[in-house]
Amino acid sequence: MDLKLILMSILLGLFCYCNAQKEGNECTDANARYCGKCIQAGAKCGWCKDPDFLKQGETVSSRCDEVQSLVKRGCVEAMIENPKGDKKVLKNKAVTNRKKGAEKLKPEDITQIQPQKLSLTLRSGQPQSFELKFKRAEDYPIDLYYLMDLSYSMKDDLENVKNLGTSLMLEMSKITSDFRIGFGSFVEKTVMPYISTTPAKLLNPCTGDQNCTSPFSYKNVLKLTNDGKRFNTLVGQQHISGNLDSPEGGFDAIMQVAVCGDHIGWRNVTRLLVFSTDAGFHFAGDGKLGGIVLPNDGKCHLENNVYTMSHYYDYPSIAHLVQKLSDNNIQTIFAVTEEFQPVYQELKNLIPKSAVGTLSANSSNVINLIIDAYNSLSSEVILENSKLPEGVTIAYTSRCKNGVVSKGENGRKCSNISIGDEVTFNISVTSKGCPKQGKPETIKIKPLGFTEEVEITLNFICECECHNDAIKNSELCHFGNGTYECGACKCNDGRVGRQCECSSNDVATEDMDRTCRKDNGTDICSNNGECVCGTCECKKRDNPEERYSGQYCECDNFNCDRSGNKLCGGHGSCECRVCVCDPMWTGSACDCSLDNSTCMASNKQMCNGRGKCECGTCKCDDPKFQGPTCETCPTCPGVCAEHKECVQCRAFGTGEKKDKCKEECDDFTLIKVRDRDKLPQPNDASYPVMHCKERDANDCWFYYTFAVNNDTKKEVHVVETLDCPSGPDIIPIVAGVVAGIVLIGLALLLIWKLLMIIHDRREFAKFEKEKMNAKWDTGCGGAGARLRMQERDALNSKKTPYTRVQSISSRTQTMDVKPLPFKVKIQSIKVPSQL
């Protein structure tokens with residue numbers, strides 16, 4: 001199983017490698033024939049405008065490649081077109097640090113987002129990033145519009161809302177000193193089957209003695225105002241109406257509140273819409289029940305503060321409603337009864353910056369509901385952007401409170417933001433290619449529910465700078481058949497060739513093909529290219545690093561000798577199948593180094609004087625020497641063993657050479673030291689030091705070092721005292737032997753005693769068993785007694801044989817006995833008749 005996994009991994013790696021080689025890079029894959037197309041292929045792409053850059057056989061598209069590859073191929077950086085993107089901040093007003101109770105500012109003077117305007121210059125594939133700050137300003141103005149369902153089921157709720165104005169103004173004053181409130185109501189479309197259209201029901205849709213107002217779609221009862229008492233007065237004058245079906249026409253009302261800004265009185269501040277109902281809602285398509293098929297146009301149709309086109313336009317769709325609420329920066333609070341909570345929760349998920357609160361049966365908790373919903377909405381900031389131009393993408397990274405970092409879709413938002421908190425967003429804009437026309441585009445980014453926004457102007461780099469110096473109908477392009485631009489000819493329609501010298505209709509003639517055959521051979525362009533206008537244009541390889549070149553595409557840069565599985569040993573370049581080596585390298589595969597420093601031994605001798613340096617490697621004269629600098633000799637006697645006898649005789653006057661020490665052991669300098677710590681260490685000297693440990697005839701160890709110093713003189717440092725082993729301690733050995741003998745004797749005695757006890761117990765058990773087997777008949781009288789006495793005497797003396805009585809017969813007056821394993825056998829015993 002493990003082998004299979006390994007094989008699969010290898011095959012997968014080979015597949016990925018081959019696939020990567022096949023794909024090449026985006027620059028060469030673009031096959032760009034002019035500079036503008038090249039720089040649009042990717043951020044790493046550059047165009048070499050050097051007129052002499054191309055080699056024979058290379059196509060014009062070979063000018064387009066990754067910048068590093070162009071430099072490597074010989075194009076100087078000054079001749080490479082590689083424009084970069086840029087960003088400019090045009091308006092950067094700092095966010096407002098405002099405290100409650102401070103000098104009152106106009107809404108337009110409060111800044112919560114920074115910067116406000118900037119310009120980005122985009123190069124294809126190259127992202128441009130900027131940082132956006134958001135800070136919730138304290139005491140920020142709020143506009144709240146209360147939109148209420150006035151169908152008959154909301155009768156008791158209306159009573160509680162009549163005093164909402166002053167109570168809500170009082171509560172909201174704790175949040176902001178600039179608060180305005182408005183009121184609107186809705187029922188349903190004024191057509192069948194939503195309401196009854198009989199004259200009586202149009203006047204009073206309620207049953208019995210209930211006094212209800214005529215049905216209507218939507219009324220703007222009170223424009224936004226800071227007069228809470230007026231709110232109470234006008235709401236107190238409202239009456240309940242009625243309709244036939246349960247879902248209400250609230251979407252019509254929401255649409256008009258969103259788009260009729262002048263009628264409602266919206267300011268460029270925080271806009272809250274409280275939608276209060278105890279029923280569901282109609283949406284797009286439901287109007288067909290009443291014969292209404294025209295889609296909602298999303299425009300304001302209020303006359304005298306009444307929606308007049310409910311019978312003409314269908315209900316708006318949810319998506320249409322989301323768009324209008326977002327465009328007008330309105331945050332929605334759905335105050336609904338518990339029964340319809342699930343429905344409006346689903347609706348909340350579709351409408352950004354919205355909240356749902358549970359309304360009590362009579363709306364008595366509406367103030368707390370609004371306050372809680374506002375705190376929930378205002379504690380979260382979500383960024384959205386306008387429609388992006390084709391090919392443009394945008395990425396967000398948020399850095400929220402407590403250092404929380406998010407990316408992707410979560411990078412658009414931050415939660416749990418308190419008043420005065422500052423969060424940042426890193427926004428990256430990237431374009432792919434160049435949009436149509438290449439004209440500047442404008443996009444906007446804003447936090448949902450806020451009127452402030454960032455305006456971004458996008459400028460696109462679609463052409464190189466050298467494009468401005470282009471020469472149309474240049475003589476360099478074969479008598480004006482093209483535009484000379486960025487070092488190459490951009491041919492007019494119908495012209496081909498590097499200098500536009502041929503017509504596209506003449507490129508496949510036999511005469512032109514003849515000039516593309518080397519040595520009058522049969523292969524056109526060496527089968528490595530195409531003959532275009534009498535000139536070979538070499539084909540491209542899957543690997544962009546590999547190229548054909550030459551007049552007949554006979555050369556390439558990938559079929560040279562290799563060393564270490566690297567082309568030209570990694571120390572040269574392959575030109576026309578021959579390695580051109582880097583300095584200090586030679587050989588057909590550039591694998592021979594001319595640098596002798598690798599052959600220099602630590603003693604500053606070349607190969608330790610034991611060989612020659614060839615291609616940066618020592619070739620030892622004597623094959624017994626090995627190593628990078630011929631420093632080791634595995635078959636030679638060790639240095640330590642070689643100098644043992646001389647060190648022993650000179651330092652201690654012992655050893656085999658003590659008698660001829662002066663004659664044979666004066667080729668080194670001897671230095672004595674007190675202990676081993678004083679011996680030279682390998683890192684202390686600039687030359688190799690060998691540590692040695694040897695033993696003499698008395699089993700004593702002596703320690704020394706051997707080295708050849710920089711003056712090529714031998715040095716020996718030796719410890720002046722021998723390390724001899726101490727003799728054995730006799731007393732513990734003798735005591736141990738004696739103690740061992742005593743213990744062994746005691747053990748043997750105990751074993752003998754144990755065996756005797758076992759034997760005696762077996763014999764006694766055997767006696768008891770035979771004693772129990774001797775059973776006599778009670779009628780035998782004295783004969784039996786005498787027999788038992790004889791048997792006992794025989795056992796006691798262990799000399800007299802005995803037998804056991806088997807049976808006694810009174811009739812025959814004889815006794816039969818069974819022989820026991822004794823030599824004496826009794827056949828019978830006479831027994832008196834009286835027995």
Start with the C-alpha distance between Tyr704 and Glu694, add both sets of side-chain angles, then the distance that settles side chain to side chain contact (heavy atoms under 4.5 Å, CB included), and finish with yes or no. CA-CA 9 Å; Tyr704 65 95; Glu694 297 293 341; 4.0 Å; yes
Give every residue pair that meets the salt bridge (Lys or Arg N to Asp or Glu O under 4.0 Å) criterion with at least one member in residues 393-407, sequence neighbours excluded.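 Counting only pairs at least two positions apart or across chains, the salt bridge (Lys or Arg N to Asp or Glu O under 4.0 Å) contacts touching residues 393-407 are Lys401-Asp421.
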Can you sort out the partners of [X] under side-chain hydrogen bond (donor to acceptor under 3.5 Å, both in side chains), two or more places apart, ordered by chain and number?
{"X": "Ser129", "value": "Ser428"}
{"X": "Lys644", "value": "none"}
{"X": "Ser415", "value": "Glu380"}

Does some side-chain heavy atom of [Y] sit less than 4.5 Å from a side-chain heavy atom of [X]?
{"X": "Leu132", "Y": "Thr424", "value": "no"}
{"X": "Glu546", "Y": "Asn557", "value": "yes"}
{"X": "Arg676", "Y": "Val719", "value": "yes"}
{"X": "Trp701", "Y": "Lys693", "value": "yes"}

Testing the 3.5 Å rule here: is there a donor-acceptor pair between the side chains of Asp65 and Ser69?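 Yes, because at least one side-chain N or O of Asp65 sits under 3.5 Å from a partner of the opposite role on Ser69.
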Name all residues meeting the salt bridge (Lys or Arg N to Asp or Glu O under 4.0 Å) criterion together with Asp667; count only those two or more places apart in sequence or in a different chain, and write none if there are none. Lys714
Residues which pass salt bridge (Lys or Arg N to Asp or Glu O under 4.0 Å) with Arg577, listed by chain and number, not counting sequence neighbours: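 Counting only residues at least two positions away or on another chain, Arg577 forms a salt bridge (Lys or Arg N to Asp or Glu O under 4.0 Å) with Asp556.
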Check whether more than 12 heavy atoms from other residues, nucleotides or ligands sit under 6.0 Å from atom [atom1] of [X], and answer yes or no.
{"X": "Glu768", "atom1": "CD", "value": "yes"}
{"X": "Asn416", "atom1": "CG", "value": "no"}
{"X": "Leu748", "atom1": "CG", "value": "yes"}

Please assess Lys672 against Glu720 for the test salt bridge (charged side-chain N to carboxylate O under 4.0 Å, His left out), listing each intermediate value before the final yes or no. CA-CA 6 Å; Lys672 293 185 178 183; Glu720 61 185 5; over 6 Å; no
Mind listing the side-chain donor-acceptor pairs of residues 563-571 below 3.5 Å, one per line with the distance, residues two or more places apart or on another chain?
| residue | atom | partner | partner atom | Å |
| --- | --- | --- | --- | --- |
| His571 | ND1 | Gly569 | O | 3.2 |
| His571 | ND1 | Cys590 | O | 3.4 |

Between Asp696 (side chain) and Asn698 (backbone), is there a donor-acceptor pair under 3.5 Å?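 Yes, the answer is positive, given that a donor and an acceptor are paired below the 3.5 Å cut-off.
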Any donor-acceptor pair under 3.5 Å from Asn608 side chain to Ala601 backbone: no
Can you measure from [atom1] ([X]) to [atom2] ([Y]) and round to the nearest 0.5 angstrom?
{"X": "Glu131", "Y": "Lys133", "atom1": "CD", "atom2": "NZ", "answer": "6.5 Å"}
{"X": "Cys607", "Y": "Lys612", "atom1": "SG", "atom2": "NZ", "answer": "10.5 Å"}
{"X": "Ile417", "Y": "Arg136", "atom1": "CD1", "atom2": "CZ", "answer": "8.0 Å"}
{"X": "Tyr703", "Y": "Cys640", "atom1": "OH", "atom2": "SG", "answer": "12.5 Å"}
{"X": "Leu754", "Y": "Ile751", "atom1": "CG", "atom2": "CD1", "answer": "8.5 Å"}
{"X": "Leu383", "Y": "Ile394", "atom1": "CG", "atom2": "CD1", "answer": "9.0 Å"}

Identify the heavy atoms of [X] and [Y] that sit nearest to each other, and give their distance.
{"X": "Phe425", "Y": "Cys414", "answer": "CZ-SG, 3.9 Å"}
{"X": "Lys540", "Y": "Thr28", "answer": "NZ-O, 3.2 Å"}
{"X": "Val71", "Y": "Glu77", "answer": "CG2-CG, 3.8 Å"}
{"X": "Thr629", "Y": "Thr598", "answer": "CG2-O, 4.1 Å"}
{"X": "Cys400", "Y": "Ser398", "answer": "SG-OG, 3.6 Å"}
{"X": "Cys630", "Y": "Cys618", "answer": "SG-CB, 3.9 Å"}

SG(Cys574) to SG(Cys560) below 2.5 Å: yes
Applying side chain to side chain contact (heavy atoms under 4.5 Å, CB included), run through Glu409 and Arg412 and close with a yes or a no. CA-CA 6 Å; Glu409 282 302 309; Arg412 290 176 174 265; 3.5 Å; yes
Check residues 649-664 and write down every donor-acceptor pair under 3.5 Å in which the side-chain atom is one partner and the other belongs to a residue at least two apart or another chain.
| residue | atom | partner | partner atom | Å |
| --- | --- | --- | --- | --- |
| Arg650 | NH1 | Cys665 | O | 2.9 |
| Arg650 | NH1 | Phe668 | O | 2.8 |
| Thr654 | OG1 | Gln648 | NE2 | 3.2 |

Between Arg695 and Phe702, is NZ or CZ placed under 6.0 angstrom from the six-membered ring centre and within 45° of the ring axis? no
Is there a side chain to side chain contact (heavy atoms under 4.5 Å, CB included) between Val673 and Leu679 once you walk through the steps? CA-CA 7 Å; Val673 297; Leu679 290 174; 3.7 Å; yes
Filter on side-chain hydrogen bond (donor to acceptor under 3.5 Å, both in side chains), then keep only pairs touching residues 584-596, sequence neighbours left out; what's left? Asp561-Ser588, Asp595-Ser597
Start with the C-alpha distance between Thr705 and His691, add both sets of side-chain angles, then the distance that settles side chain to side chain contact (heavy atoms under 4.5 Å, CB included), and finish with yes or no. CA-CA 4 Å; Thr705 61; His691 278 251; 3.7 Å; yes
Would you list the atom pairs, donor with acceptor, under 3.5 Å between side chains in residues 757-764 and any protein atom, with sequence neighbours excluded?
none

Who pairs with Val76 by side chain to side chain contact (heavy atoms under 4.5 Å, CB included), at least two apart in sequence or on another chain? Met79
Under the rule for side chain to side chain contact (heavy atoms under 4.5 Å, CB included), what residues qualify as partners of Val578, not counting sequence neighbours?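 For Val578 there are no side chain to side chain contact (heavy atoms under 4.5 Å, CB included) partners, ignoring immediate neighbours.
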